[in-house]
Each structure stands twice: as structure tokens, then as C-alpha cells.
Protein chains: 2
Amino acid sequence: MQKKQHKTIRAKSVEKILAAAQGEFVSQGYKGATVQSIADQAQLPKANVLYYFKNKENIYHAVLEQTLNMWDDGIGDIVPEDGPKLAIEKFVRAKITMSFKNPQASKIYAMEIIQGAQHLQDFARTYQRQWVTEKAKIFQHWINNGEMQCVDPVNLIFLIWSTTQHYADFDNQILTIMGNSHYEQNDIEHITAFLTDFILRGCGLKQ
Amino acid sequence: MQKKQHKTIRAKSVEKILAAAQGEFVSQGYKGATVQSIADQAQLPKANVLYYFKNKENIYHAVLEQTLNMWDDGIGDIVPEDGPKLAIEKFVRAKITMSFKNPQASKIYAMEIIQGAQHLQDFARTYQRQWVTEKAKIFQHWINNGEMQCVDPVNLIFLIWSTTQHYADFDNQILTIMGNSHYEQNDIEHITAFLTDFILRGCGLKQ
DNA sequence: ATAAAAGTTGACCTCGTGGTAAGTTTATTT
DNA sequence: AAATAAACTTACCACGAGGTCAACTTTTAT
């Protein structure tokens with residue numbers, strides 16, 4: 001109770017709106033999402049939503065920003081000291097955890113990229129580019145030292161991204177095929193084991 | 001000239017509309033796509049588009065159906081006779097080829113799944129489920145025979161799907177990071193080699 | 001206690017878009 | 001050549017959704 005009072009009304013409303021907006025944008029797409037529906041899910045009148053965010057685009061931007069921040073925070077870093085095996089294990093685990101913890105964020109991001117990243121700022125793109133080239137260098141170093149198989153580092157990163165995000169983005173398809181309605185803790189552990197195992201072996205770091 | 005005259009006017013118009021619609025639905029989403037814009041890109045008046053397809057949803061359904069058919073046709077089959085190595089090679093190659101040949105189709109399908117497969121018929125989902133369990137059995141057979149590493153077949157299929165489709169769905173991101181505006185033949189071959197190599201090694205079928 | 005700031009809301013306006021109606025032109029059949 | 005069907009087109013309508021506004025209430029600072 002006390003804790004909540006510390007939050008300003010603004011912060012609480014904004015939080016509710018963003019949570020509602022995230023779901024709405026995922027299921028309906030940018031244009032398909034309506035401010036009214038976001039308002040309903042947030043249990044606020046439409047005009048109130050528009051009081052906190054001037055317009056629909058601002059809501060979407062806020063959701064995107066939130067998503068990108070989460071991506072940054074949750075991503076386990078790849079550092080030379082860890083060596084290839086530990087680094088890859090950590091990274092894969094971090095990505096999978098994020099995928100299962102907040103699939104919506106992954107979906108928002110995926111849709112944005114698929115549609116051509118129309119709303120994504122330039123800085124977000126160049127930032128990623130730098131991140132990839134930086135980490136690729138570390139992998140290349142390990143390869144040169146003979147610490148891991150000679151696999152293209154950039155494509156390795158893409159492979160890890162795609163395989164880990166897949167379970168969030170395509171959860172619908174996967175759950176249908178697995179015959180479940182949602183992921184159990186079991187599934188998550190099994191998938192994590194499968195992916196780390198497979199990727200390590202692909203990098204020549206196992207058996 | 002003669003060839004074109006064989007096609008009825010209807011067939012030609014429908015083709016133009018579907019091609020235009022595919023691009024429009026990818027870049028704008030279902031709700032964001034406008035019949036007017038589809039008509040413009042197809043170089044037809046809006047009313048003419050609605051003459052061939054009763055309404056927008058029908059256009060989308062037609063695009064989806066076309067996409068699913070392509071998915072079916074292009075998919076290299078996995079048969080026991082090939083053995084694990086050849087089968088996986090063939091399958092990966094087939095999927096990559098499709099991804100680079102028609103990325104739009106992959107994107108449409110991806111967005112549909114991400115958004116919850118609201119427009120996808122039940123039969124399409126159960127069909128996939130059957131396909132996966134059937135092919136998983138073949139993999140399991142090879143594993144039991146000691147022809148390949150013990151990796152979970154279903155997740156292996158997911159991994160192949162995700163890695164191959166990734167290059168189509170996220171081409172925007174990937175090209176930005178690679179610093180190109182589009183894929184060259186070189187890139188495609190390099191990616192194909194990387195993926196087949198990595199996946200085969202992951203399955204214990206190399207070195 | 002009082003003023004200012006922040007929050008809340010129903011009513012309203014405008015514009016874009018899906019879809020229709022009704023008619024004209026072009027192709028096909030007999 | 002006439003008649004029938006297919007293809008095409010213009011003008012229009014209805015409606016949903018984004019966004020504004022002004023009145024009102026609550027909260028916060030002095």
C-alpha cells in the first residue's frame with residue numbers, strides 16, 4: 001500500500017496503458033490497434049489515455065522503447081574472459097529466459113523488423129550493428145586461438161537469435177504442434193538443454 | 001503475346017492484385033493495408049479490385065492460401081531412404097531457397113503466426129502438426145539406428161525452420177548489420193554453407 | 001485556506017476507408 | 001448483328017477511429 005502511494009498517479013496509469021498497449025499492438029498490429037481498446041484493457045476512458053500520450057504513435061513509441069530497453073538489459077554479455085563454451089551457454093540461456101519471460105516484447109520487435117523497421121530509430125539499428133561486430137571479433141579471436149570450431153561468428157549470432165526468439169514469436173505454432181496450451185517449466189528446461197547442447201556441438205565445443 | 005492472351009483477363013487481374021496485396025499486407029499489416037493502395041500498386045481502380053474479391057478479407061485469404069501452397073510445394077520432403085545427412089542437407093537447402101526466393105511469403109506467414117493465427121484455418125494447423133510428428137518419427141528411427149546423434153527431433157525441426165526463415169523474415173535487420181542493401185548470390189551460398197555445416201555438426205554428422 | 005497544477009471525462013468533430021449501387025464499356029456467344 | 005455476359009468505373013454512403021475541447025474534480029504546494 002505504502003509502496004503504491006509512492007508511485008505518482010501518472011506512473012501507475014502509464015504503466016497500465018503500456019501493458020495494455022503491448023498486447024493490443026501484438027494481436028492487432030499498429031494500425032489495427034485502437035486507442036479505445038487499449039483504454040478498455042487499461043480500464044481507463046479513452047480521453048484519459050490520450051491525456052498521458054498525445055497520440056497513438058506516441059503510445060507505440062513508448063512500447064517500442066520499453067521493449068528495446070528490456071532487450072538491452074536482459075542480454076547476457078559476451079566477454080573474452082569466459083571463453084567460448086561458457087560465453088555461449090550464458091548467452092543462449094539469457095536469450096531463452098527473456099523469450100519465455102516476455103514473449104510479447106519479442107513479438108513486438110519481430111513485427112517491427114519484419115515490416116521494415118519503419119518506426120525504429122536509426123540509432124537502434126546502428127547500435128545493433130556495432131554490438132554484433134564487436135562480439136563477432138571476440139568469437140573470431142577464440143577461433144584463431146583454436147578454442148572453437150571455425151564457424152562464421154556473425155551468422156552464429158544470427159543463429160542464436162533466431163533459434164531462441166523462435167519459441168517466443170511462434171509460440172502459437174509450437175504449442176499447437178506440441179499439443180499444449182502454454183509452456184511448462186519442463187518444456188523450458190528441455191528446450192534450453194536442447195539448444196545449448198546443439199549449439200555447443202555445432203561450435204565444436206562438445207564431444 | 002499469345003501466351004498472355006491465353007490467360008483470361010480475370011486471371012491476369014487476380015494475379016496483379018495478389019502480387020500487390022502481398023507487399024501491402026507485409027508492410028502495413030492486415031488492418032493497415034488499404035484496398036486503395038493495393039489497387040494503386042496493381043494499377044487498377046479500387047472498385048475493380050473489389051469486383052474480383054468481394055472484400056478485403058477475401059484478398060487476404062487468397063494471399064494466405066497462395067503462401068501456404070508455396071510452402072507446401074517448395075518444401076523438400078524428408079524420406080527414410082535418404083539417410084539423415086542427405087535428408088537434412090536437402091531440407092535445409094530447400095527451406096533456404098524458398099526464403100530467399102520469396103521472402104514476402106515467409107513474412108506474411110510469420111506475422112500471421114505471431115499475431116495468433118487468427119485468419120489461419122484449423123486444417124492448416126493440424127496439417128502441420130501431422131507433418132512434424134511424421135518427420136520426427138523418421139529422425140527418431142535414424143537416432144535409434146545410431147545413424148545420428150540423439151537430438152530431440154521435434155526441436156530439431158523447429159531449429160531448422162527458425163534458422164532458415166530468419167534470413168527472410170529479418171532481412172532488414174540482417175542486411176543492416178551486414179551493411180548491404182540486398183542479398184548477393186555470394187551471401188546466399190555462404191549462408192547455406194554455414195547452416196548446413198552447423199546443423200549437420202549439431203546432429204553429429206560431421207567430424 | 002487557497003491557488004495552481006494534475007487528473008478525469010463525456011460530447012463532439014473530422015477524415016479515411018471499406019463497401020455499394022448503378023450505370024457504361026468491352027468481350028463472347030449464337 | 002443481336003444478345004448476353006464479363007469487365008470496368010464513377011459517385012456516393014456509412015461508420016469507425018483518432019483526436020480535440022471544455023467543463024469538472026481531485027491532488028499538491030504555499
Side-chain angles (χ1 to χ4, degrees), chain A residues 1-64 108 111-112 115 118-119, chain B residues 1-64 108 111-112 115 118-119:
Chain A
M1 201 60 194
Q2 272 213 334
K3 215 175 173 182
K4 272 205 174 177
Q5 280 173 341
H6 281 284
K7 282 183 185 172
T8 69
I9 296 173
R10 174 172 225 97
K12 281 202 295 182
S13 289
V14 164
E15 196 178 328
K16 277 202 289 184
I17 293 166
L18 287 182
Q22 198 182 40
E24 177 75 1
F25 281 125
V26 167
S27 68
Q28 307 299 321
Y30 176 75
K31 201 62 187 283
T34 72
V35 178
Q36 184 65 63
S37 174
I38 293 171
D40 290 348
Q41 284 173 253
Q43 298 187 52
L44 293 170
K46 186 179 79 165
N48 199 352
V49 171
L50 258 18
Y51 166 72
Y52 287 108
F53 298 90
K54 296 247 167 333
N55 52 44
K56 183 172 152 181
E57 210 188 338
N58 279 6
I59 305 177
Y60 184 68
H61 275 147
V63 171
L64 251 189
I108 288 259
M111 287 179 58
E112 178 64 22
Q115 297 202 345
Q118 293 163 339
H119 301 264
Chain B
M1 202 59 195
Q2 272 216 336
K3 216 175 177 185
K4 274 206 174 177
Q5 279 175 340
H6 279 284
K7 284 182 184 172
T8 70
I9 294 174
R10 173 172 225 100
K12 281 201 295 180
S13 290
V14 164
E15 195 179 328
K16 276 201 289 184
I17 293 166
L18 287 182
Q22 199 182 39
E24 177 75 0
F25 281 125
V26 167
S27 67
Q28 308 299 322
Y30 176 74
K31 201 62 188 285
T34 71
V35 179
Q36 184 64 63
S37 174
I38 293 171
D40 290 348
Q41 284 172 254
Q43 298 186 49
L44 293 169
K46 186 180 79 162
N48 199 351
V49 171
L50 287 155
Y51 165 72
Y52 286 110
F53 298 89
K54 294 245 169 334
N55 51 43
K56 184 171 148 180
E57 210 189 337
N58 278 7
I59 304 177
Y60 184 68
H61 275 148
V63 170
L64 251 189
I108 288 260
M111 289 183 55
E112 178 64 21
Q115 297 201 345
Q118 293 162 341
H119 302 264

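Both backbone and side-chain heavy atoms feed into the values below; hydrogens, waters and symmetry mates do not.
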What heavy-atom pair brings I38(B) and A20(B) nearest, and what distance separates the two atoms? O-CB, 3.6 Å

State the NZ-CD distance between K56(B) and E24(B), to the nearest 0.5 angstrom. 8.5 Å

Atom NZ of K31(A) and atom P of dG16(D) are separated, to the nearest Å, by 16 Å

Short of 4.0 Å, heavy atom to strand atom, which residues of residues 17-28 of chain B count as contacting DNA chain C? none

Residues 40-53 of chain B, side-chain donor-acceptor partners within the protein, below 3.5 Å, at least two apart:
| residue | atom | partner | partner atom | Å |
| --- | --- | --- | --- | --- |
| D40(B) | OD1 | Q36(B) | NE2 | 3.1 |
| Q41(B) | OE1 | S37(B) | OG | 3.4 |

Check: Q118(B) side chain, E112(B) main-chain N or O, donor-acceptor pair, under 3.5 Å: no

Determine: side-chain N/O of R10(A) to OP1/OP2 of dG7(C), distance under 4.0 Å, yes or no. yes

For Y60(B), give me all partners under ring-ring contact (aromatic ring centres under 6.0 Å, His included), at least two apart in sequence or on another chain. F25(B), Y30(B), H119(B)

Could you pull out the protein-nucleic contacts involving nucleotides 24-30 of chain C (nitrogen or oxygen on both sides, under 3.5 Å)?
none

Heavy atoms within less than 4.0 Å of DNA chain C: which residues of residues 32-46 of chain A have one? Give them sorted by number. P45(A)

Judged by atom type as modelled, is there a donor-acceptor pair below 3.5 Å linking the side chain of Q22(B) to the main-chain atoms of V63(B)? no

Using salt bridge (Lys or Arg N to Asp or Glu O under 4.0 Å) as the criterion, list what pairs up with E15(A), not counting sequence neighbours. K7(A)

Near-strand residues of residues 47-58 of chain B, defined as heavy-atom separation under 4.0 angstrom from DNA chain C: L50(B), N55(B), K56(B)

Does some side-chain heavy atom of V14(A) sit less than 4.5 Å from a side-chain heavy atom of I17(A)? no

